[in-house]
2 protein chains.
Amino acid sequence: MRKRFDDELRHLNDLVLEMASLNESAIKKAISLLDEKNKNIAEDVIHDEERTDQYEKTIQNQCLKIFVEQQPAASDLRRVSSALKMITDLERIGDNARDIAEICMGLPDDCDTTSLPLIKEMAEATVNLLNRSIDSFVNLDLELAKKIDDEDDVVDNYFLMIRDQLIDIIKADFDPGAAIDFIMIAKYLERISDHGVNIADWVIFTVEGSRT
Amino acid sequence: MRKRFDDELRHLNDLVLEMASLNESAIKKAISLLDEKNKNIAEDVIHDEERTDQYEKTIQNQCLKIFVEQQPAASDLRRVSSALKMITDLERIGDNARDIAEICMGLPDDCDTTSLPLIKEMAEATVNLLNRSIDSFVNLDLELAKKIDDEDDVVDNYFLMIRDQLIDIIKADFDPGAAIDFIMIAKYLERISDHGVNIADWVIFTVEGSRT
C-alpha cells in the first residue's frame with residue numbers, strides 16, 4: 001500500500017513539475033515580446049496557458065484519486081491537499097503570462113520598450129523565485145521554502161521602482177496608454193511572484209502542519 | 001454517518017458564508033475610503049483581512065477533518081474539495097480589499113476622486129457578482145453559477161472604460177501617480193471579480209464533475 005502511495009505521489013510530483021516548467025517557459029516567452037512582437041511566440045504562450053489548464057484538471061483528478069483510493073492521513077494528507085491547492089497558483093501563473101503576452105502584442109508599434117530595462121530584471125527575479133518555490137515543493141525543502149518570502153520583497157521592490165520610473169516618464173511626455181500597459185506587466189509579474197510565495201507556504205504547511 | 005456528514009457540511013457552508021460576508025464588507029469599506037480617508041475604517045479593513053486569513057485556516061482544517069473522518073466520495077468529495085479550493089479565492093479577495101484600502105489611504109490629499117465615478121459603479125458590480133457566486137455555492141445553484149461568467153464581462157468592461165478615462169485625464173494633466181493608483185484599484189476589483197468566477201466554476205465542478 002505504501003509503495004503504491006509513493007508511486008502515486010511521485011507521479012503527482014512529476015505532473016506538478018511539468019506544469020511549472022510550462023509556466024517558466026511561458027513567462028520568458030511573454031517577456032521576450034517586449035523586444036519583438038512575434039505572433040508565433042504569442043500564440044505559443046496562449047497554447048501553453050491552455051495546456052496549463054489541462055494539467056490543472058489532470059492533477060486535480062490525480063489528487064482526488066489518491067484521496068479516495070489511499071485515504072492518506074497526517075503529512076501525506078497535507079502533501080496531497082497542498083498539491084491540490086498549489087495547482088491553482090500554477091494555473092493562474094499561466095493566465096498571468098498570457099495576460100503579459102496580450103499586453104505586449106497590443107503595445108503601439110513605435111513604443112520605446114528600452115526605456116524600461118527594470119521590467120526584464122523583474123521578470124528574471126520572478127522566474128528565479130518561482131523555480132526555487134517549485135524546488136522547495138519537489139524536495140520538501142523547508143529551509144528553502146522559508147526564504148521565498150524575502151525574495152518576494154525583492155520583486156515587490158522592483159514594482160515600486162518601475163511605478164516611480166513610469167510616473168517620471170509620463171511627466172516627460174511618454175504615451176500614458178503604454179505607461180499603463182507597462183505598469184500592468186509589472187503588476188502581473190508581482191502576482192506571479194505572490195503565487196510563488198503561496199507555493200512555498202504550502203510546502204511549509206506540508207512539513208510543519210500549519211501555514212505561515 | 002450521513003447525518004453526521006450533512007452536519008459537517010452545514011458547518012462548512014456556514015463558515016464559508018461568514019468568510020464571504022467579511023469580504024463583502026471589506027470591499028465596501030475599502031472603496032468608501034475614496035470619498036473620505038478614514039484611518040479607523042482603513043484599520044477595520046486590515047483587521048477584516050486578518051480575520052479572513054484565520055477563516056481560511058479554520059475552513060481548511062474542517063475540510064481535512066471531513067476527508068479523514070468521513071472519507072467522502074463522488075459529489076461529496078467534489079463539494080469538500082471545492083470548498084478547500086474556493087477559500088483561496090476568498091482569502092485573496094481579503095488581500096485585494098486591503099490593497100485597495102492601502103492605495104486609497106496613500107492618495108494625495110488634494111486628489112480629485114470625483115472625476116472617476118466609474119470606479120464606484122465597478123465596485124458595486126463586483127460586490128454583486130461576488131454575492132451571486134457565493135449564493136450559487138450555498139444553494140448549489142448550477143443555473144446561477146453559469147451566469148457569473150457573463151457578469152464578469154461587465155466588470156472587465158468597466159476596467160477598460162476606466163483605463164481609457166485615465167489615459168484621457170493624464171493627457172489633461174491629472175497627477176500620473178494618482179492615475180496609476182486608480183488603475184490599480186480598478187485592477188484589484190477586476191481580480192476580485194475573477195475570484196468570484198472561480199467560485200462559480202467550483203460550483204459547476206461540484207455539480208457536474210468537470211470544470212468549465
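Note on naming: letters A, B, ... go to the chains in the order of the sequence lines (proteins, then strands), and numbering restarts at 1 for each one. What you see is a predicted model, and the numbers here were worked out from it, not measured in a lab.
With a 4.5 Å cut-off on side-chain heavy atoms, Q60(A) and F205(B) count as touching. Proximity of R191(A) to K187(B): side-chain heavy atoms (C-beta onward) are nowhere separated by under 4.5 Å.
Ionic pairing of R163(A) and D181(B) is present here: one or more N-O contacts between side-chain nitrogen and carboxylate oxygen are shorter than 4.0 angstrom.
Among the candidates D89(A), N61(A), I87(A), the residue making the largest number of heavy-atom pairs closer than 4.5 Å to chain B is D89(A). Residue with the most contacts toward chain B among D53(A), L77(A), V68(A): L77(A) (heavy-atom pairs, distance under 4.5 Å).
One distance of note links NZ of K85(B) with OG of S81(A); it measures 10.5 Å at 0.5 Å rounding.
If you measure heavy-atom distances from I170(A) to chain B, the contacts under 4.5 Å come from the side chain alone. Both the backbone and the side chain of I183(B) come within contact range of chain A, each with at least one heavy atom under 4.5 Å from a heavy atom of that chain. Residue F174(A) does not touch chain B at all, counting heavy-atom pairs closer than 4.5 Å. Of the two parts of L64(A), the backbone and the side chain both hold a non-hydrogen atom closer than 4.5 Å to a non-hydrogen atom of chain B.
Nearest heavy atoms, G177(A) versus I167(B): CA-CD1, 3.4 Å.
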Open item on the list: Set out, in order, the CA-CA distance, both residues' side-chain angles and the distance that settles side-chain contact (heavy atoms from CB on, under 4.5 Å) for N198(A) and R92(B), then state yes or no.
Closed with: CA-CA 11 Å; N198(A) 290 335; R92(B) 293 193 190 157; 2.5 Å; yes
